[in-house]
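Residue numbers begin at 1 in each chain, while the letters A, B, ... track the order of the sequences.
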There are 2 protein chains.
Amino acid sequence: MLDRDVGLDIAARLFWERGYEGTSTADLTKAMGINPPTLYSTFGSKEELYRQALDFSIARENSRRSEILQSNLPLYEALSLYLYDIADGDTQPDKPPGCMVSTAALQHAEENTSVARMTAALREASIQTLKARFDRAVGEGELPTATDTDTLARFYGAIIQGMSAQACDGACNALLKRLIDIALTAWPGKRQTSTGNSDKRHLDQSF
Amino acid sequence: MLDRDVGLDIAARLFWERGYEGTSTADLTKAMGINPPTLYSTFGSKEELYRQALDFSIARENSRRSEILQSNLPLYEALSLYLYDIADGDTQPDKPPGCMVSTAALQHAEENTSVARMTAALREASIQTLKARFDRAVGEGELPTATDTDTLARFYGAIIQGMSAQACDGACNALLKRLIDIALTAWPGKRQTSTGNSDKRHLDQSF
DNA sequence: ACAATTTAATAGGGATCCCTATTTTAATGG
DNA sequence: CCATTAAAATAGGGATCCCTATTAAATTGT
């Protein structure tokens, strides 16, 4: 019998690289080393397996990223670490590039609308997490009262999605972090230098 | 006989909405009102049709956007208009949401690697266009000499890709433009207000 | 060790994938 | 008006899609 978590890990990796439509049940059963009936008795259907693989993958990253974001570091620095962690996730050498969720099912066949709604809801949830953290900062006086936290969250959401896309196109970790450094100059109240960002250090940032 | 441009327009719309893998040749022939042999004699193959539909669509937008970007407006203002035009393209009411290229083939089956390379090259080309414009500005003293134009171009490229993703998820035009306004505060030398951006006007910006 | 039950493997059904050989229809030329 | 060429429609080939009914193997209980 197949270990459930091992199967989900294998499935997640395939879906991550090839997307929902680009991954066949034959790919999945072959990679897991099982026969088709086992896939269906264990996971229900291809769509249900995708849902479980997404949950499984997200659960692994969420605890660490939530800790970063909800820590009592200054929000600007917490956000920096949060984005850097995502950049690291986008460029793991032994994993597919990009984010499994950010770039999933944006274009899709009509018959896969429910799958697309699922990934869209996950993206929206991660934006709402950012917004909630920004709202807390407004309440605590760390951000100006007039801050448009919704748009600010969607702005960094766009950065996250753009990083994933560029990682899929081959961008390296250092590039994504330089990109983050620019995005961070848009932080309310920050005043960016007008002299390139190539002198910033990413590996041993100290707080 | 089928008019070639009409066919490409119909094909582009389908590929735009459903992606390469999510669009079948049956969808295409049905939408064009032709039989399969006509598709293959006119366009060669599904992949070749996709390539031609991309070229066809890009050609339509490129002239206008190139004019905006290469105009002799201050670069900051030209870039604003350029991004606004893309936001408009992402949210046309009678067209699929998002950008046909930005969100295309990021995840794909192994057999469609050549298609993914094609769309990645198009995305890279549009980033290089931005970078070239930024380099020109450096040469003309409009941007500081030390500006990291490559990363700056990829930053706005990420914004463009993020906008497309969020448009696919239902974002409206006004939201994308508020998002652009935040991205523009990252422009070298700019100093953003710390008071939300909700008071900005988008429809009658004067230069 | 034999029977009962559970697990795995095979085989395949019905639909759709991309593409094309063949036939039918239409248009053109003498 | 008939012969020739060109266009469109049908029909289908070989592969793959997601999923499952059935058969074979392994495990369990007595």
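- Among A:Q107, A:E21, A:E47, A:R117, the one residue that satisfies the side-chain hydrogen bond (donor to acceptor under 3.5 Å, both in side chains) test with A:N112 is A:E21.
- The two atoms that bring A:G157 and A:I127 nearest to each other are CA-CG1, 4.4 Å, heavy atoms only.
- Residue contacts shown for B:T29 are absent, as no nucleic acid heavy atom lies under 4.0 Å away.
- Considering B:F56, B:Y20, B:F43 in turn, B:Y20 is the only one that fulfils the ring-ring contact (aromatic ring centres under 6.0 Å, His included) rule with B:Y50.
- A straight line from CE of B:M32 to P of D:dA8 spans 14 Å, rounded to a whole angstrom.
- Distance B:Y50 OH to C:dC17 P: 17 Å, rounded to the nearest Å.
- Here the closest non-hydrogen pair linking A:W16 and A:P96 is CZ2-O, 3.4 Å.
- The CG-C1' distance, from A:L49 to D:dC17, rounds to 16 Å in whole Å.
- Nucleic acid contact for A:T25: base, since at least one base atom lies under 4.0 Å from a heavy atom of the residue.
- Between A:F134 and A:W187, the two ring planes are perpendicular [angle over 60°; tilted spans 30° to 60°].
- The salt bridge (charged side-chain N to carboxylate O under 4.0 Å, His left out) pairs that include a residue from residues 79-101 of chain A are A:R64-A:D85, A:R65-A:D85, A:D88-A:K177, where partners are two or more places apart or lie in different chains.
- When rounded to the nearest whole Å, the span between CD of B:E48 and P of C:dC18 equals 16 Å.
- Rounded to whole Å, the distance from CG on B:D27 to P on C:dC19 is 14 Å.
- Remark: A:S24 is in phosphate contact with D:dC17, judged by side-chain N or O atoms under 4.0 Å from OP1 or OP2.
- Dashed line: the shortest gap from a side-chain N or O of B:Y40 to OP1 or OP2 of C:dC19 is under 4.0 Å.
- The interatomic distance linking A:L39 (CG) with C:dT7 (C1') rounds to 16 Å, in whole Å.
- Taking atom NZ on B:K30 and atom C1' on C:dC17, their separation rounds to 16 Å, with Å as the unit.
- A pairwise comparison of heavy atoms in A:L184 and A:L79 identifies CD2-CD2, 4.1 Å as the closest pair.
- At whole-Å resolution of the value, CD in B:E111 and C1' in D:dA15 are 11 Å apart.
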Collect all protein-nucleotide pairs involving nucleotides 9-12 of chain C in which both atoms are nitrogen or oxygen and the distance is under 3.5 Å.
{"residue": "C:dA9", "atom": "OP2", "partner": "A:N35", "partner atom": "OD1", "Å": "2.3"}
{"residue": "C:dA9", "atom": "O5'", "partner": "A:N35", "partner atom": "OD1", "Å": "3.0"}

